[in-house]
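Hydrogens, waters and symmetry mates are skipped; everything else that's a heavy atom, side chains included, is used.
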Amino acid sequence: MADALLRHGLLLASHNRLLPLLFLPLQSNSPRLKPSPRSRLDAAFSAALPRPSNRSSGHRVRAVVEEGTDEPKWWEKNGGPNMIDIHSTEEFLDALSQAGDRLVVVEFYGTWCGSCRALFPKLCKTAEEHPDILFLKVNFDENKPMCKRLNVRVLPYFHFYRGADGLLQSFSCNLVKFQKITDAIEKHNSARCSIGPPSGVGDLLDSSTSQN
């Protein structure tokens, strides 16, 4: 009986010594449990996700409202007071008659014509350099009947007049061949008389009279 009690006491003593060990806090140098591969994968995925920020993004979408401008279109510009827009057959004939013996350079153009647009700034500069020459701008689409009577088939196209009805020269031209215009000005911009009416102007005069 005594032996049994002794053995029971020893078991209780050893049990009491083990209990505190189970509830001791882990020390800083104690080995840590390694995360499982699944835990590492979840952590990496969480780190890759974009973090919400209280600050607004630096890239802001701004609505751009284009303000209307009064800048004229390219064909509405001119090289000075000696460059005139022609809108009808009557205006064309009046401009020729009022020019007297001045050299008149007529440009037939289209607002949709790329060659006309490319050539136009240089033509304006030429007009500024020759204030004694009258430059007329004829919109082909606004004056198709008149242009057809004057045998204007391609654009840009030029007529050179001296006097009311005198056609001196006519040709098509683009920016690359602009020297043709310069040469024609040098050739015809001198004191001389009209050399006769161009083909088609008589028809224009008749049609203008009949419309009145």
Side-chain angles (χ1 to χ4, degrees), residues 70-113 115-117 119-175 177-212:
D70 296 332
E71 183 179 356
K73 298 179 176 62
W74 70 263
W75 63 87
E76 295 174 342
K77 300 177 182 179
N78 59 54
N82 60 324
M83 181 174 276
I84 302 174
D85 287 286
I86 298 298
H87 302 286
S88 66
T89 302
E90 291 77 10
E91 289 184 9
F92 179 68
L93 296 174
D94 288 343
L96 288 178
S97 62
Q98 294 174 12
D101 281 338
R102 294 174 65 186
L103 179 64
V104 180
V105 179
V106 184
E107 182 207 17
F108 300 90
Y109 72 94
T111 59
W112 41 265
C113 174
S115 296
C116 301
R117 181 172 186 172
L119 176 145
F120 191 65
K122 197 164 185 178
L123 184 66
C124 289
K125 184 177 180 181
T126 302
E128 293 175 354
E129 295 171 350
H130 297 85
D132 56 321
I133 299 176
L134 179 62
F135 289 79
L136 304 181
K137 295 159 52 185
V138 179
N139 187 325
F140 180 85
D141 293 321
E142 289 183 354
N143 302 276
K144 285 184 179 180
M146 180 181 73
C147 291
K148 290 179 179 179
R149 292 193 186 101
L150 294 175
N151 295 318
V152 176
R153 306 294 182 186
V154 295
L155 298 176
Y157 202 80
F158 290 86
H159 278 188
F160 286 73
Y161 292 95
R162 170 75 72 171
D165 297 325
L167 177 64
L168 306 176
Q169 192 173 354
S170 62
F171 52 81
S172 62
C173 186
N174 55 31
L175 183 59
K177 299 179 180 179
F178 194 84
Q179 187 62 38
K180 292 174 66 175
I181 297 175
T182 303
D183 293 342
I185 289 176
E186 292 179 357
K187 178 180 178 181
H188 302 301
N189 193 26
S190 59
R192 58 185 297 173
C193 313
S194 173
I195 60 174
S199 61
V201 167
D203 296 337
L204 291 177
L205 289 171
D206 294 340
S207 61
S208 177
T209 304
S210 62
Q211 290 176 1
N212 295 332

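With values rounded to the nearest 0.5 angstrom, Arg162 atom CZ is found 6.0 Å from Asn189 atom CG. A distance of 12.0 Å separates CG in Leu96 from CD in Glu91, rounded to the nearest 0.5 Å. Rounding to the nearest 0.5 Å gives a distance of 8.0 Å between OG of Ser88 and CE of Met146. Rounding to the nearest 0.5 Å places NZ of Lys122 at 6.0 Å from CZ of Phe178. Once rounded to the nearest 0.5 Å, the distance linking CD1 of Ile181 with SG of Cys173 reads 4.0 Å.
Residue pairs satisfying the ring-ring contact (aromatic ring centres under 6.0 Å, His included) criterion with at least one member in residues 122-143, sequence neighbours excluded, are absent. Judged as a side chain to side chain donor-acceptor pair (under 3.5 Å), the pairs with a partner in residues 137-148 (not counting sequence neighbours) are, in order, Asp85-Lys137, His87-Glu142, Trp112-Asp141.
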Mind running side-chain contact (heavy atoms from CB on, under 4.5 Å) on Ile133 and Val105 for me, showing each step along the way?
CA-CA 7 Å; Ile133 299 176; Val105 179; 3.8 Å; yes
Checking side-chain contact (heavy atoms from CB on, under 4.5 Å) for the pair His159/Leu150: CA distance, chi angles, key distance, verdict?
CA-CA 9 Å; His159 278 188; Leu150 294 175; 3.9 Å; yes
Could you give me the CA-CA distance, side-chain angles and deciding distance for Leu103 and Leu168, then say whether side-chain contact (heavy atoms from CB on, under 4.5 Å) is met?
CA-CA 9 Å; Leu103 179 64; Leu168 306 176; 3.8 Å; yes
Audit row: Leu123, Met83, side-chain contact (heavy atoms from CB on, under 4.5 Å) steps and yes/no
CA-CA 10 Å; Leu123 184 66; Met83 181 174 276; 4.2 Å; yes
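Of all non-hydrogen atoms in Ala95 and Ile86, the two that sit nearest each other are CB-CD1, 4.2 Å. A pairwise comparison of heavy atoms in Leu119 and Pro156 identifies CD1-CG, 4.4 Å as the closest pair. Here the closest non-hydrogen pair linking Pro131 and Arg102 is O-NH2, 3.6 Å. Of all non-hydrogen atoms in Ser172 and Val154, the two that sit nearest each other are CB-CG2, 3.5 Å.
The ring-ring contact (aromatic ring centres under 6.0 Å, His included) check on Phe171 picks up Phe160, with sequence neighbours excluded. Every residue two or more places apart in sequence or in another chain that forms a side chain to side chain donor-acceptor pair (under 3.5 Å) with Asp183 is listed here: Gln179. Looking at residues two or more places apart in sequence or on another chain, you find a salt bridge (charged side-chain N to carboxylate O under 4.0 Å, His left out) between Lys77 and Glu71. Under the side chain to side chain contact (heavy atoms under 4.5 Å, CB included) criterion, Trp74 pairs with Tyr109, Cys116, Arg117, Phe120, not counting sequence neighbours. Every residue meeting the side chain to side chain donor-acceptor pair (under 3.5 Å) condition with Gln169, not counting sequence neighbours, appears here in chain and number order: His188.
Side-chain contact between Thr182 and Thr126 is absent, with no heavy-atom pair separated by less than 4.5 Å. Counting only heavy atoms from C-beta outward, the side chains of Cys147 and Val138 approach each other to under 4.5 Å.
The aromatic rings of Tyr161 and Phe92 lie perpendicular to each other, with more than 60° between the two planes, well past the 30° mark.
Asn82 places a side-chain N or O within donor-acceptor distance of the main-chain N or O of Ala127, the cut-off being under 3.5 Å.
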